[in-house]
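Both backbone and side-chain heavy atoms feed into the values below; hydrogens, waters and symmetry mates do not. Residue indices begin at 1 and follow the sequence shown. Just so it is clear, the structure is predicted and the values come from calculations on it, not from any experiment. When a ligand or atom number is given, it counts from 1 through the structure's own listing order.
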Amino acid sequence: MFQTRLKETAAQVQAHLDATMMPLGHLPVIEAMRYASAGGKRLRAFLVMESARLHGVDPQHAIWPAAAIEAIHAYSLVHDDLPCMDDDDLRRGLPTVHKKWDDCTAVLAGDALQTFGFECVSRAECHTDPLVRAELTVTLARAAGAQGMVLGQALDIAAETAETPLSLDEITRLQAGKTGALIAWSATAGPLMAQQDTAPLMQYAAALGLAFQIADDILDVEGDADKVGKAVGKDANAGKATFVSLLGLKGAKSRAEDLVQEACDALYVYGDDAETLREAARFVISRDS
Ligand code: GRG
């Protein structure tokens, strides 16, 4: 069920991104936006659509925050790949945006993907109630910005030159921003749109986000670069503290499994209706890309 829904979401979100970007034309920066926002697993969009379904939100509305989060995620990857950040040549199995075009185009395409994401959640088609659209916008700004993903990224960069490696608590806090904040926003978009309690899905997403990051650290050690679609072994080679370096491979795997259980338990209020989200949690730690 999860794989089917993930595939359906991927097709829906791609069609929506294509249609919404259509009027933007064909300048290199726009083509770079299209290129960067194509592909990927679409896990964040899936979380939006599934949390929306659980709360009876019309998918025609939910597709807007789903497209928004994938655009903002794509921006973060484009900027993260730049030579001044993680300096990567490959992403999703293809040359990174600054390799295919140049650094300026990559910076601008990332910027434009970010503003495009905010446009998606503030457009009238996203929700009939302007207050809900404002709430989606403000919470997305917090998740993506200086209290969320940007903070996590800044802490990560600072850690590269720090005298002492980060502790487990520090890494956990860093990752809650860097990867966790967008995942948490995605999983709570449904109840937020339905103006219902976000707490159970927030708890689910906190555990899921951390499990996702631990799986990412494991893939950096054990993954196959062809399947992952980007270079592996970078963190270990750079001597960076990761969940694997701090807990060991076995310890990291066991922590990820505990977190998946925690994520599944947080969904008890939804009963069997949340089975696809439980499957998503199990997928996050078994994925090979
Ligand atoms: C530049 C402000 C700024 C932030 C960048 C997301 C991020 C912060 C950096 C990416 C580095 C990285 C590999 C983080 C690990 C977790 C992660 C976000 C992996 C990529 O997400 P997936 O696996 O990718 O969902 P797809 O391609 O499937 O969308």
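In summary, the atoms of ligand 1 found under 4.0 Å from a heavy atom of Q213, numbered by their order in the structure, are 15 (C), 16 (C). Set against the non-hydrogen atoms of G40, the atoms of ligand 1 under 4.0 Å away are 26 (P), 27 (O), 28 (O), 29 (O). With ligand atoms numbered from 1 in the order given, ligand 1 contributes 23 (O) to contacts under 4.0 Å with heavy atoms of R287. Set against the non-hydrogen atoms of T179, the atoms of ligand 1 under 4.0 Å away are 15 (C), 16 (C), 17 (C), 18 (C). For ligand 1, the atoms sitting less than 4.0 Å from at least one non-hydrogen atom of H79 are 1 (C), numbered in the order shown with element in parentheses. Under a 4.0 Å criterion applied to the non-hydrogen atoms of K230, ligand 1 contributes the atoms 13 (C). Interface of Y75 with ligand 1, defined as ligand atoms under 4.0 Å from a residue heavy atom, comprises 2 (C). Close contacts of ligand 1 with S76, meaning ligand atoms under 4.0 Å from a residue heavy atom, involve 1 (C), 4 (C), 5 (C), 6 (C).
Hydrophobic clustering of Ile, Leu, Val, Met, Phe, Trp and Tyr side chains at less than 4.5 Å, counting indirect connections, keeps I183 apart from I214.
Look at D88 and K234 and you find a salt bridge, because one of the NZ, NE, NH1 or NH2 atoms lies within 4.0 Å of a carboxylate O, short of that distance. We find that E257 and K253 are not joined by a salt bridge, their nearest charged nitrogen and carboxylate oxygen being 4.0 Å or further apart. Comment: E135 does not engage R142 in a salt bridge, judged by the lack of any side-chain N to carboxylate O separation of less than 4.0 angstrom. Salt bridge status for D156 with K178: present, with a side-chain N to carboxylate O gap under 4.0 Å. Comment: R53 engages E50 in a salt bridge, judged by a side-chain N to carboxylate O separation of less than 4.0 angstrom. Salt bridge status for D265 with R278: absent, with no side-chain N to carboxylate O gap under 4.0 Å.
Below 3.5 Å of separation, one finds no N or O of S289 facing any N or O of ligand 1.
The distance between the ring centers of W64 and H127 does not fall below 6.0 angstrom. Aromatic pair F2/F46: ring centres closer than 6.0 Å.
In terms of protein heavy-atom proximity, atom 25 (O) of ligand 1 is nearest to R44 NH1, 2.7 Å. Protein heavy atom at the shortest distance from atom 14 (C) of ligand 1 is K178 CE, 3.9 Å. Atom 15 (C) of ligand 1 has as its closest protein heavy atom D216 OD2, 3.2 Å. For atom 22 (P) of ligand 1, the nearest protein heavy atom (residue, atom name, distance) is K41 NZ, 3.4 Å. Scanning the protein heavy atoms around atom 10 (C) of ligand 1, the nearest turns out to be D80 OD2, 3.4 Å.
H79 places a side-chain N or O within donor-acceptor distance of the main-chain N or O of V107, the cut-off being under 3.5 Å.
Residue contact annotation: E70 has no non-hydrogen atom under 4.0 Å from ligand 1. Residue V150 places a heavy atom less than 4.0 Å from ligand 1.
With a heavy-atom cut-off of 4.0 Å, L43 does not touch ligand 1 at all.
Closest heavy-atom approach to atom 8 (C) of ligand 1 within the set H73, R92, Q153, Q114: this belongs to Q153.
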Could you go through the salt bridge (Lys or Arg N to Asp or Glu O under 4.0 Å) check for K227 and E222 one step at a time? CA-CA 11 Å; K227 286 189 184 146; E222 284 194 327; over 6 Å; no
